[in-house]
Amino acid sequence: MNAPTEAPAIAQFALARQREVVDALRAVLPAHCVLFNEEDTRPYECDGLSAYRQLPMVVVLPENEAQIVSILKTCKLLKVQIVPRGAGTGLSGGAMPIADGVVVSTARLNKIVKFDPYSRTAVVQPGVRNLAISDAAGPHGLYYAPDPSSQIACTIGGNVAENSGGVHCLKYGLTVHNVLRVRMVTIDGDIVELGNAGMDAAGLDLLAVFIGSEGMLGVVTEVTVKLVPKPLTARVIMASFDDVVKGGNAVANVIAAGIIPAGLEMMDKTSSRMVEPFVKAGYDINAEAILLCESDGTPEEVEEEIARMTDVLNASGATAIAVSRDEAERQRFWSGRKNAFPAAGRISPDYYCMDGTIPRKHLATVLLGIAEMEKTFSLRCANVFHAGDGNLHPLILFDANTPGEFDRAEKFGAAILELCVEVGGTITGEHGVGIEKINSMCVQYSEQERDAFFAVKRAFDTAFLLNPDKAIPSLVRCAEYGKMHVKRGLLKFADLPRF
């Protein structure tokens with residue numbers, strides 16, 4: 001009975017709240033830094049996980065650290081929730097807005113503040129693109145090692161929030177291994193520096209806590225990154241296998257042989273066939289699995305490591321092996337792997353990219369499990385992943401215009417993450433939890449563990465205004481998820497073959 005009168009009242013309240021927030025933010029920011037009209041805020045309604053969208057109440061684009069301090073103080077005073085945002089290339093919904101919240105974009109803080117080739121460091125603002133750091137360091141024979149597939153567009157602030165990796169993270173590490181210092185602003189408007197430019201910092205390692213915290217603890221304003229020397233040479237082995245089990249076992253065999261490649265990636269037949277017409281990388285489209293194994297260093301080191309890896313791959317059942325002859329061919333081999341996501345659009349209207357991590361020895365087992373899930377959910381899945389560190393990126397292919405297909409894709413993804421946990425892995429490797437995997441956190445972590453996560457959150461953000469309801473599931477959410485969740489017994493690890 002009250003619905004017709006309640007709706008206009010709610011809309012009127014929302015409009016009044018928006019005006020209040022906009023007026024307060026315009027008091028501390030130039031007018032052009034505050035967006036609130038729908039046509040201006042619409043581009044910020046989602047990140048790379050476009051299946052989940054929410055129009056924000058307000059978007060602010062600060063141009064310096066002092067403005068970020070003012071924004072956070074203002075939002076805390078008004079009790080307005082905040083979602084920090086980098087380039088929006090994230091794939092877990094971590095930057096999805098809140099309906100009555102403010103999106104704080106750091107895109108305009110895009111300067112390289114200091115570059116020191118002698119200490120091999122660079123101080124950059126959060127809006128600097130990942131690849132731009134390496135471009136600036138290149139003339140000095142240096143580069144920034146973490147190289148996510150989106151490196152041409154993603155920014156260092158977002159990389160810090162998600163602890164991004166890339167195809168070379170096996171040898172050179174994730175963001176957390178390549179950042180020395182982060183300067184950030186707390187919800188109280190305090191400027192805090194975590195870590196330092198030296199090898200270590202006194203006290204608790206809060207830098208490692210902050211990296212990967214998905215915007216829940218503070219807003220990044222400056223980052224000091226490590227730079228590494230460009231290797232004198234690099235070559236890639238492309239190995240084909242007629243069976244995914246052999247390919248998965250080959251990955252474990254390379255590491256077991258004491259070899260740590262610069263990159264060790266795997267693609268299944270579905271991935272190779274969708275990528276090859278797109279980039280013409282030279283992939284064997286009849287192979288059930290392809291491995292890309294890179295070696296870098298001095299010419300002598302590379303020559304020796306390539307020979308050792310070739311022996312291991314042959315012994316593991318490789319049906320064909322090709323080694324890049326020059327830099328152009330090396331880049332061509334990698335182009336297929338780095339373009340796997342956009343290439344999915346050639347064979348499917350939509351795709352849902354998952355991100356889980358497993359022990360390397362279970363690669364073959366999990367791949368077979370995913371193949372069984374394709375039958376269960378009646379959807380195709382293309383598998384590309386950082387095989388060296390067990391980080392899977394299954395691409396579940398679906399058509400959002402077909403009723404029920406996205407729902408099946410979500411359930412397919414949840415089942416993959418459950419299998420990752422079942423074999424001793426985790427529900428994410430580098431994409432973060434965001435909103436996409438928040439229910440899966442209930443599967444992996446106990447109530448006591450989740451309480452510990454919330455305790456860290458409270459230590460930084462007592463008001464729970466920074467990116468709330470992301471990454472850490474509440475007790476109520478997990479209780480509700482448990483009620484409607486049905487364990488998929490056919491994919492229990494104990495029932496799957498071991499190799």
Side-chain angles (χ1 to χ4, degrees), residues 17 21 24-25 28 47 54 56-60 62 65-86 90 92-106 109 126 157-163 175-176 179 181-195 203-223 428 432-435 437-438 441 445 447-478:
R17 176 63 164 168
V21 173
L25 290 170
V28 298
D47 58 13
Q54 173 61 60
M57 178 174 65
V58 180
V59 176
V60 291
E65 183 180 75
Q67 290 179 358
I68 291 180
V69 169
S70 297
I71 290 166
L72 295 186
K73 286 183 175 180
T74 300
C75 287
K76 184 181 181 185
L77 181 65
L78 295 176
K79 297 181 181 179
V80 179
Q81 296 175 333
I82 298 165
V83 176
R85 178 186 173 97
S92 63
M96 192 185 83
I98 298 165
D100 55 354
V102 172
V103 170
V104 179
S105 169
T106 57
L109 279 76
N159 290 174
V160 167
E162 302 297 336
N163 193 20
T175 300
V176 71
V179 167
R181 181 189 67 103
V182 166
R183 185 176 170 95
M184 51 82 90
V185 182
T186 70
I187 190 61
D188 299 312
D190 296 328
I191 298 172
V192 177
E193 291 196 3
L194 306 175
L204 298 174
D205 187 6
L206 295 179
L207 178 63
V209 172
F210 187 84
I211 295 174
S213 60
E214 303 190 35
M216 297 190 300
L217 307 182
V219 179
V220 178
T221 60
E222 196 173 86
V223 183
T428 185
V433 176
I435 59 170
K437 304 188 188 77
I438 193 165
M441 287 284 283
Y445 294 104
E447 180 182 343
Q448 292 75 22
E449 289 169 320
R450 297 193 302 272
D451 284 344
F453 296 154
F454 275 122
V456 174
K457 167 72 169 167
R458 280 191 294 270
F460 283 82
D461 177 20
T462 55
F464 273 65
L465 295 176
L466 285 167
N467 219 11
D469 302 321
K470 306 271 183 73
I472 312 171
S474 66
L475 181 61
V476 172
R477 173 183 282 273
C478 288

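These numbers come from a predicted model, not from an experiment.
You'll find the side chain of Leu25 reaches within 4.5 Å of the side chain of Val102, heavy atoms only.
Among residues two or more places apart in sequence or in another chain, the salt bridge (charged side-chain N to carboxylate O under 4.0 Å, His left out) test is passed with Glu193 by Arg181, Arg183. Partners of Ser105 according to the side chain to side chain donor-acceptor pair (under 3.5 Å) rule, which considers only residues two or more places apart in sequence or in another chain, do not exist here. Ser92 pairs by the side chain to side chain donor-acceptor pair (under 3.5 Å) definition with nothing, not counting sequence neighbours. Considering only residues two or more places apart in sequence or on other chains, Phe460 meets the ring-ring contact (aromatic ring centres under 6.0 Å, His included) condition with none of them. Take Asp47 and apply the side-chain contact (heavy atoms from CB on, under 4.5 Å) test, not counting sequence neighbours, and it matches Leu49, Ala95. In terms of the side-chain contact (heavy atoms from CB on, under 4.5 Å) criterion, Ala452 has no residue partners (sequence neighbours excluded).
Applying the side chain to side chain donor-acceptor pair (under 3.5 Å) test to pairs two or more places apart or on separate chains, those with a residue in residues 453-473 are Lys457-Asp461, Asn467-Lys470. Counting only residues at least two apart or in different chains, side chain to side chain donor-acceptor pair (under 3.5 Å) contacts with residues 69-84 comprise Lys76-Asp188.
Note that the CD1 atom of Ile211 and the CG atom of Asn159 stand 10.5 Å from one another [nearest 0.5 Å]. A distance of 8.5 Å separates SG of Cys478 from CD of Glu447, quoted to the nearest 0.5 Å.
Val219 pairs with exactly one of Ile71, Thr186, Leu72 by the side-chain contact (heavy atoms from CB on, under 4.5 Å) rule, that one being Leu72.
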